[in-house]
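One structure is given below, encoded as C-alpha cells.
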Amino acid sequence: GAAWMAGELTIHHEHQFSEAVQAVLRESIAALESAPGHVAGAPRVMLTTLAQEQHQLGLLMAECFFALERCERIALGINMPLAEILASASHYRADIVALSISPYAAAREVSEQLDRLRDQLPAEVELWIGGGWTQAARRRLPAGVQRVLSAAQVSAELARWRTLHSSDSNTQQTPS
C-alpha cells in the first residue's frame, strides 16, 4: 500500500501482491486447523472490520495470530455495519471482538463507532483493535477498547484473558 501511494507500484501490482500474501496466509491457517492439539480455555474470537473498511489483509494477519494461539475464530470479513457486528457477537457468543482498522479510516467516524460498539457490547465481551489506524499518533481509545498491535501482544493479551477466565470458571464450579 505504501509503495503504491509513493508511485513505486501500480494498482495491479499491489493487488497481485495482496492476493499472493492472502493465499499464503489462508494456506497457513488451514494447515494449523488440521494440526492436532487444542488449547484449553481458548476464547471465541470474532474478526471483522467496521463498515466502509475495504482492507482485509490486516484482518487475515490477525486471524493467523489467533490461529497460532489455537483460538476458535469466527471470520466475518470486511465492511460490517455496527448493528451486524453487535448481532453477530451475540449470535456467535464471542468472547472477543477483534477489529482491523486501516490507516486510511476517518478518525472521527472510527472513534464514534468504537464508542458505540463498546457501549453496546456486553461488558464481558472484550473489544480489541489493531491495524495502522490504531498506530497513528497513538490515538485515544474509548475505555474498554484494547489496542493490540503485534503477535507478541496478542499472546500476552490472550494469556491475560485465559488467566482471568480460568479463575472465573473455577469460582463458578466451586460448590456453595
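Gly130 approaches Leu149 most closely through the heavy-atom pair CA-CD2, 4.3 Å. Nearest heavy-atom pair, Leu114 versus Pro142, reported as atom, atom and distance to 0.1 Å: CB-CG, 3.9 Å. In terms of heavy atoms, Ala51 sits closest to Pro81 at CB-CA, 3.9 Å. When all heavy atoms are compared, the tightest approach of Cys71 to Ala42 is CA-CB, 4.0 Å. The two residues Trp133 and Ala107 come nearest to each other via the heavy atoms NE1-CA, 3.5 Å.
Note: Trp128 CH2 to Leu158 CG = 4.0 Å, rounded to the nearest 0.5 Å. Note that CD of Gln120 and CG of Leu86 are 5.0 Å apart. Values are rounded to the nearest 0.5 Å. Ile78 contributes atom CD1, which lies 13.5 Å from atom CG of Leu99 (distance to the nearest 0.5 angstrom). Note: Met46 CE to Ile96 CD1 = 11.5 Å, rounded to the nearest 0.5 Å. The line from CE of Met61 to OG of Ser100 is 7.0 Å long, rounded to the nearest 0.5 Å.
Ile74 has its side chain out of reach of Ser88: every pair of non-hydrogen atoms, C-beta onward, lies at least 4.5 Å apart. Proximity of Val110 to Leu50: side-chain heavy atoms (C-beta onward) are separated by under 4.5 Å at one or more points.
Each ring-ring contact (aromatic ring centres under 6.0 Å, His included) pair with one or both residues in residues 79-99, not counting sequence neighbours, would appear here, but there are none. Listed by first and then second residue, the salt bridge (Lys or Arg N to Asp or Glu O under 4.0 Å) pairs that reach into residues 48-63 are Glu63-Arg73, sequence neighbours excluded. For residues 90-103, the set of pairs meeting the salt bridge (Lys or Arg N to Asp or Glu O under 4.0 Å) definition, not counting sequence neighbours, is empty. For residues 113-133, every residue pair satisfying the salt bridge (Lys or Arg N to Asp or Glu O under 4.0 Å) rule, not counting sequence neighbours, is listed here: Glu126-Arg160.
Ala98 is linked by a side chain to side chain contact (heavy atoms under 4.5 Å, CB included) to Val45, Leu47, Phe66, counting only residues two or more places apart in sequence or in another chain. Take Gln153 and apply the side-chain hydrogen bond (donor to acceptor under 3.5 Å, both in side chains) test, not counting sequence neighbours, and it matches no residue. Glu72 pairs by the side-chain hydrogen bond (donor to acceptor under 3.5 Å, both in side chains) definition with Arg44, not counting sequence neighbours. Contacts of Ser155 classified as side-chain hydrogen bond (donor to acceptor under 3.5 Å, both in side chains), with partners at least two apart in sequence or in another chain: Glu69. Every residue meeting the side chain to side chain contact (heavy atoms under 4.5 Å, CB included) condition with Glu109, not counting sequence neighbours, appears here in chain and number order: Gln52, Ala106, Gln113.
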Stepwise side chain to side chain contact (heavy atoms under 4.5 Å, CB included) check, Val148 with Ile129: CA-CA 6 Å; Val148 183; Ile129 64 167; over 6 Å; no

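At least one donor-acceptor pair under 3.5 Å links the side chain of Thr49 to the backbone N or O of Asn79. Formation of a donor-acceptor pair under 3.5 Å by the Thr48 side chain with backbone atoms of Gly77 is found in this model. Remark: the backbone N or O of Arg108 is not paired with any side-chain donor or acceptor of Ser111 at under 3.5 angstrom.
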